There are 2 protein chains.
Amino acid sequence: MAKKRIKLVDIANELGVSVGLVSIVLSGKSRENRISDTLSKKVIEKAKELGYQANQMARALRTGKSGIIGLAVADIANPYFGKMARFIENEASGLGYQVMFGSSDEDPKKLNDIINVFLSRQVDAMLIVPVKKSQKYLMALQEQSIPFVFVDRCCDGVSEDAVTTNNFEGGYQLCNVLIKRGYKKIGAFVYDTGLTNNNQRIKGYTSALKESELNDDSENLIFETGFKHVETRLESMLKSALKKGCDAFFFANNKLGIQSLKYFDKMNIKIPQDIGIVSFDNPESFQVAKPGVTCFEQPIANICVKAISILVDKMDDASKPKVGEVLLSGNLIIRESC
Amino acid sequence: MAKKRIKLVDIANELGVSVGLVSIVLSGKSRENRISDTLSKKVIEKAKELGYQANQMARALRTGKSGIIGLAVADIANPYFGKMARFIENEASGLGYQVMFGSSDEDPKKLNDIINVFLSRQVDAMLIVPVKKSQKYLMALQEQSIPFVFVDRCCDGVSEDAVTTNNFEGGYQLCNVLIKRGYKKIGAFVYDTGLTNNNQRIKGYTSALKESELNDDSENLIFETGFKHVETRLESMLKSALKKGCDAFFFANNKLGIQSLKYFDKMNIKIPQDIGIVSFDNPESFQVAKPGVTCFEQPIANICVKAISILVDKMDDASKPKVGEVLLSGNLIIRESC
DNA sequence: CTGTTAGCGCTTTCAC
DNA sequence: GTGAAAGCGCTAACAG
């Protein structure tokens with residue numbers, strides 16, 4: 001049952017050659033070291049025959065490269081981050097990297113723990129979804145010489161490469177759809193304006209309103225809920241927005257949109273007859289809901305591709321200048337919810 | 001900028017003690033080795049002061065334990081597996097393990113690649129969602145002395161511990177809801193009966209039908225689609241089922257259920273007026289859809305907890321007898337779709 | 001109680 | 001062209 005893991009020395013012994021030779025051949029450096037083709041072939045075949053699999057731990061220890069990329073998301077169970085993980089996985093595995101992940105739950109301490117685990121596991125690079133109040137940890141990370149890049153959001157006060165959706169543009173477009181449809185009083189709902197992405201979305205919304213000369217009291221129509229206890233807090237906000245006479249709703253992310261959908265249904269409020277709604281993100285639910293929800297889809301695949309490419313550059317050449325925040329454009333999807 | 005990673009020897013030198021001593025103290029073995037409390041404290045403080053972080057690669061190489069658990073799912077972007085990843089993460093990190101994942105896309109070759117990567121990274125254990133025709137790879141894995149457990153499904157022909165939902169029971173209950181509601185001709189849709197879980201669900205469906213003496217031609221009402229090109233193939237099957245006079249539909253997983261929802265909407269077929277539907281799994285979409293979809297929710301959290309506990313037992317004591325397949329009961333959720 | 005030493009499996013420089 | 005040997009950072013066995 002317990003088959004012994006075979007290693008370089010085993011195949012070296014079988015062939016009567018040295019370990020070094022085998023190592024060179026198996027890492028494809030026969031040419032540079034002018035190892036004869038016949039010997040190379042023999043080594044390679046023997047390795048295959050014995051089912052040799054390099055011990056990456058040993059290799060990593062020696063070379064200082066683990067071949068692992070760390071991905072710190074808010075919550076891998078959230079389909080948005082799940083998709084992200086998948087694209088990262090695809091990109092990374094194409095380059096011979098494995099990905100290790102961690103979920104921060106928007107908690108800076110947890111994020112820091114994750115980062116430290118990654119560090120101690122010698123990851124070669126990290127992709128980080130920064131959370132509120134994680135500045136000090138992130139700045140500490142900058143002191144280390146390991147490359148990382150922010151995804152999904154950036155982090156105020158921490159100057160680092162980041163790849164995000166053009167959140168402002170998304171908020172602006174979404175809000176404009178509502179305005180064009182003739183809605184007069186548009187409430188905005190946001191998780192937390194402490195997050196740069198949510199912040200930008202609200203700025204887009206505000207900016208569209210300003211141009212339209214609607215909502216003079218716009219400040220009063222922005223409803224902000226923390227990450228926790230969303231359901232209950234959201235309900236009371238929705239209620240208060242309705243009371244204030246809102247005839248349309250702008251949701252800054254999918255969770256908020258989905259929860260609100262449930263609430264409106266419960267309250268028997270008809271969309272789009274009674275109110276109009278738009279939301280950021282494009283989860284399956286927005287397609288299945290009736291009416292379908294007009295939304296702004298983030299270019300997750302592109303974000304991942306770009307992020308990895310930045311990381312690869314940094315790993316190749318640590319002295320590369322920072323590229324700063326890269327804004328990728330998303331996709332307005334018109335459905336029947338307004 | 002590039003702060004040097006500090007290591008055992010650094011803190012040993014600073015304190016004028018030996019590396020071994022520091023190692024012992026930092027791995028919490030002061031007591032067993034009767035190191036004085038004062039010295040221990042000094043070492044620990046120095047370590048903190050210098051921001052010491054153990055190099056897990058080196059530790060792993062030495063101890064033969066990587067502290068990594070491999071998770072091979074079908075697709076991490078699928079919310080079902082995303083949730084699973086999250087629960088596994090929680091369990092694992094509580095035990096000091098990190099998780100590394102890979103998505104097989106239901107492709108046995110890819111699964112094998114993932115397993116090999118895990119092997120070469122010296123994972124301490126694996127959680128595997130087996131796919132069709134992966135028997136030979138899985139049996140090869142059994143030859144290795146690394147513990148693993150199947151989750152979500154088991155694998156015909158490979159006798160190994162597995163933790164799954166009671167899929168038969170789910171199929172049975174779901175079908176019975178339809179029968180009780182008075183539907184007469186119930187079509188079943190399934191990804192692939194080559195997957196043990198889908199298979200069991202269909203068996204539950206068939207069994208319920210038999211008891212009810214409905215659907216004598218039940219064999220003809222089971223529609224099977226491969227993993228690929230689901231959208232198009234599903235449509236034609238749905239069409240053909242409708243033509244055969246089906247007044248109710250049983251979907252063996254969330255993807256099928258969701259896609260069909262879209263199709264029925266497009267065709268303007270009303271649920272539950274025109275037809276009734278039930279589905280396995282409980283994605284957000286089934287809640288948001290109108291009408292809500294009656295479904296059978298899998299106990300993902302329990303599955304993960306149980307799977308990890310089996311793994312822990314195996315890691316502790318490799319000679320433990322196999323526990324076989326553990327069936328966990330799911331949750332019937334009645335909504336308005338039938 | 002504490003220091004020394006021998007590797008874990010691999011890569012890489014330097015001889016021959 | 002090939003072998004020998006050092007060493008990555010850590011743990012564990014053994015001295016003292």
Side-chain angles (χ1 to χ4, degrees), chain A residues 4-44 46-47 50-68 96 119-124 145, chain B residues 4-44 46-47 50-68 96 119-124 145:
Chain A
K4 208 187 62 183
R5 203 95 104 206
I6 100 110
K7 44 202 177 183
L8 284 188
V9 64
D10 296 324
I11 109 138
N13 287 343
E14 289 252 345
L15 258 32
V17 296
S18 78
V19 200
L21 190 268
V22 178
S23 168
I24 287 171
V25 172
L26 292 183
S27 40
K29 290 177 184 156
S30 298
R31 271 281 141 69
E32 301 150 58
N33 296 65
R34 290 178 298 175
I35 310 288
S36 71
D37 277 9
T38 29
L39 218 194
S40 296
K41 214 164 274 178
K42 250 203 287 193
V43 170
I44 293 174
K46 196 52 146 186
L50 297 179
Y52 173 73
Q53 283 183 310
N55 180 329
Q56 297 294 344
M57 292 291 167
R59 191 202 295 262
L61 181 57
R62 181 60 231 240
T63 61
K65 319 242 95 236
S66 65
I68 299 178
L119 246 20
S120 105
R121 295 229 175 249
Q122 321 290 118
V123 301
D124 293 336
S145 49
Chain B
K4 208 187 63 182
R5 203 95 104 205
I6 100 111
K7 46 203 176 181
L8 284 188
V9 64
D10 296 325
I11 108 138
N13 287 342
E14 288 252 343
L15 257 34
V17 297
S18 78
V19 203
L21 189 269
V22 178
S23 168
I24 289 172
V25 172
L26 292 184
S27 39
K29 290 176 183 156
S30 298
R31 272 280 141 70
E32 302 151 58
N33 297 65
R34 290 178 299 176
I35 310 287
S36 71
D37 278 9
T38 30
L39 219 195
S40 296
K41 214 165 274 178
K42 249 204 286 191
V43 170
I44 292 173
K46 197 52 150 182
L50 298 179
Y52 172 74
Q53 283 183 309
N55 180 329
Q56 297 295 345
M57 293 291 166
R59 191 202 296 262
L61 181 58
R62 180 63 230 240
T63 61
K65 321 240 95 240
S66 65
I68 299 179
L119 246 20
S120 104
R121 295 230 174 248
Q122 320 291 117
V123 300
D124 293 336
S145 50

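This is a predicted model, so every value here is computed, not measured. Reminder, nothing fancy here: chain letters follow the sequence lines and each chain counts from 1.
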>> Is the shortest side-chain heavy-atom distance between A/Ile11 and A/Ile6 below 4.5 Å?
In response: yes

>> Is there a side chain to side chain contact (heavy atoms under 4.5 Å, CB included) between A/Leu15 and A/Leu21? Walk through the geometry before answering.
In response: CA-CA 11 Å; A/Leu15 258 32; A/Leu21 190 268; over 6 Å; no

> Closer than 4.0 Å, any side-chain N/O of B/Ser27 to the OP1 or OP2 of D/dT11?
Replying inline: no

>> Does A/Lys46, at its NZ atom, have more than 12 non-hydrogen atoms belonging to other residues, nucleotides or ligands within less than 6.0 Å?
In response: yes

>> Let's see if you get this right: which residues in residues 8-26 of chain B place a heavy atom under 4.0 Å from DNA chain D?
In response: B/Leu8, B/Gly20, B/Ser23

>> Which heavy atom of A/Ala54 sits nearest to which heavy atom of A/Arg59, and what is that distance?
In response: CB-NH2, 3.1 Å

> Does a side-chain heavy-atom distance below 4.5 Å link A/Asp10 with A/Lys7?
Replying inline: yes

>> Heavy atoms only, 4.0 Å cut-off, all strands: where does B/Ala54 land among base, sugar-phosphate and nothing?
In response: sugar-phosphate

>> Measuring from the side chain of A/Thr63 (C-beta onward, heavy atoms only), which nucleotide among C/dC10, D/dT2, C/dT12 has the closest atom?
In response: C/dT12

> Do A/Gln56 and B/Leu119 pass the side chain to side chain contact (heavy atoms under 4.5 Å, CB included) test, and can you show the C-alpha distance, the side-chain angles, and the key distance before you say yes or no?
Replying inline: CA-CA 9 Å; A/Gln56 297 294 344; B/Leu119 246 20; over 6 Å; no

>> Side-chain N or O of A/Tyr52 versus OP1/OP2 of C/dG9: is the shortest distance under 4.0 Å?
In response: no

>> Quick check: on DNA chain D, is the nucleotide nearest B/Asn33 upstream (toward 5') of the one nearest B/Arg59, or the reverse? Name the residue that is more 5'.
In response: B/Arg59

> When you measure from the side chain of A/Lys29, which nucleotide among C/dT12, C/dC10, C/dT2 comes out closest?
Replying inline: C/dT12

